[in-house]
Amino acid sequence: DGGITQSPKYLFRKEGQNVTLSCEQNLNHDAMYWYRQDPGQGLRLIYYSQIVNDFQKGDIAEGYSVSREKKESFPLTVTSAQKNPTAFYLCASSTTGLLGPQHFGDGTRLSIL
Amino acid sequence: SQKIEQNSEALNIQEGKTATLTCNYTNYSPAYLQWYRQDPGRGPVFLLLIRENEKEKRKERLKVTFDTTLKQSLFHITASQPADSATYLCALADSSASKIIFGSGTRLSIRP
């Protein structure tokens with residue numbers, strides 16, 4: 001079955017540590033996205049990529065970095081510069097950019113040790 | 001600033017009744033409005049999309065309306081079932097496709 005796979009499901013970060021969240025899709029979608037979800041708040045866009053080797057900052061890109069070397073993969077690195085990284089991170093993909101339906105993975109929950 | 005508001009309180013509905021969820025927005029001119037369902041610990045699942053020039057969209061037991069004058073969308077689930085219990089999110093995208101904003105969601109509980 002086609003879909004988006006995020007790993008790991010749970011991740012713990014120590015102070016001053018960078019961590020990378022994995023996102024892989026086999027839907028052959030050009031566009032991929034990373035969102036952050038905090039309790040009681042809407043999803044907030046961190047980064048998005050419309051095509052391989054290109055990506056744009058979303059609303060809350062500070063403290064995060066991404067790469068898009070392959071169409072299927074869009075990893076997110078949470079750097080030590082992100083002072084409040086505890087959240088539920090969601091990866092999504094679409095064929096039509098932000099205007100159309102997005103297919104989401106089941107998220108990675110990041111916590112600070 | 002741009003803002004989306006969904007029913008802040010959880011909605012509890014008797015099985016078989018129609019559930020109606022609200023999405024209001026301010027300081028925004030969306031071209032597309034989407035509704036998603038999210039179960040605990042899972043990613044959102046796309047349900048319906050409606051464009052600014054469409055008044056209503058239906059899919060099985062689901063119906064969405066979009067009133068750009070009132071700046072409001074209503075999401076209806078008819079003949080509700082306990083399996084419909086979840087959090088429902090609305091999302092707005094503008095025509096430039098450069099921005100999308102999500103509401104914080106409404107938690108819906110359908111009691112047998």
Side-chain angles (χ1 to χ4, degrees), chain A residues 1-10 21 23-25 27 29-51 55-61 87-111, chain B residues 1-10 21 23-26 28-54 57 59 62 64 66 73 86-107:
Chain A
D1 284 342
I4 296 187
T5 302
Q6 290 188 243
S7 62
K9 185 130 183 92
Y10 300 95
L21 284 60
C23 178
E24 303 279 331
Q25 56 105 353
L27 297 167
H29 288 170
D30 286 315
M32 296 187 74
Y33 315 85
W34 274 105
Y35 293 90
R36 170 181 172 139
Q37 188 173 35
D38 294 280
Q41 295 190 41
L43 277 65
R44 291 182 290 168
L45 185 63
I46 303 172
Y47 268 99
Y48 64 101
S49 169
Q50 307 272 40
I51 197 167
F55 47 83
Q56 289 77 42
K57 293 182 179 180
D59 298 319
I60 55 165
F88 189 46
Y89 290 88
L90 288 159
C91 178
S93 70
S94 73
T95 56
T96 52
L98 291 173
L99 295 179
Q102 296 186 40
H103 299 258
F104 284 85
D106 276 338
T108 291
R109 190 166 298 280
L110 176 62
S111 302
Chain B
S1 63
Q2 298 160 340
K3 195 175 176 182
I4 295 185
E5 288 186 350
Q6 296 190 245
N7 306 59
S8 57
E9 302 289 330
L21 284 64
C23 177
N24 294 303
Y25 59 93
T26 55
Y28 200 63
S29 296
Y32 296 77
L33 189 147
Q34 302 174 39
W35 283 89
Y36 291 81
R37 168 187 173 137
Q38 186 175 24
D39 292 288
R42 307 292 299 273
V45 174
F46 170 76
L47 296 174
L48 280 169
L49 178 149
I50 188 166
R51 296 173 175 81
E52 62 178 334
N53 59 353
E54 296 175 317
K57 206 79 168 283
K59 179 183 175 183
L62 309 180
V64 172
F66 193 10
S73 174
T87 295
Y88 291 84
L89 313 175
C90 69
L92 306 177
D94 62 25
S95 57
S96 69
S98 64
K99 190 171 181 70
I100 186 168
I101 50 175
F102 278 82
S104 57
T106 297
R107 190 166 71 246

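As a basis for the values below, the full set of heavy atoms in this structure was taken, side chains included, without hydrogen atoms, waters or symmetry mates. Every chain is numbered from 1 and lettered A, B, ... according to where its sequence line falls, protein lines coming before strand lines.
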Could you tell me which portion of A/Q102 (side chain, backbone, both or neither) has an atom closer than 4.5 angstrom to a non-hydrogen atom of chain B?
both
For B/F102 and A/Y35, take the angle between the two ring planes, folded into 0 to 90°, and tell me which bin it lands in: parallel under 30, tilted 30 to 60, perpendicular over 60.
perpendicular
Need one label for B/L49: side chain, backbone, both or neither, based on atoms under 4.5 Å from any heavy atom in chain A.
side chain
Do you know which of A/Q37, A/Q56, A/R109, A/K9 has the most heavy-atom pairs with chain B at a distance under 4.5 angstrom?
A/Q37
Considering residues, nucleotides and ligands other than A/R44, do more than 12 of their heavy atoms fall under 6.0 Å from its CZ?
yes
Closest contact, heavy atoms only, A/L99 versus B/A93:
CD2-CB, 4.1 Å
Leading residue by heavy atom contact count with chain A [cutoff under 4.5 Å; candidates B/G41, B/P30, B/P44, B/A31]:
B/P44
On a heavy-atom basis, the closest approach of B/C23 and B/W35 is CB-CZ2, 3.6 Å
Using non-hydrogen atoms only, which part of A/D59 is less than 4.5 Å away from chain B: side chain, backbone, both, or neither?
side chain
Would the distance check show the side chain of A/Y33 and the main-chain N or O of A/G97 forming a donor-acceptor pair, the cut-off being under 3.5 Å?
yes
Is A/L43 close to chain B through its backbone or its side chain, or both, or neither, when contacts mean heavy atoms under 4.5 Å?
both
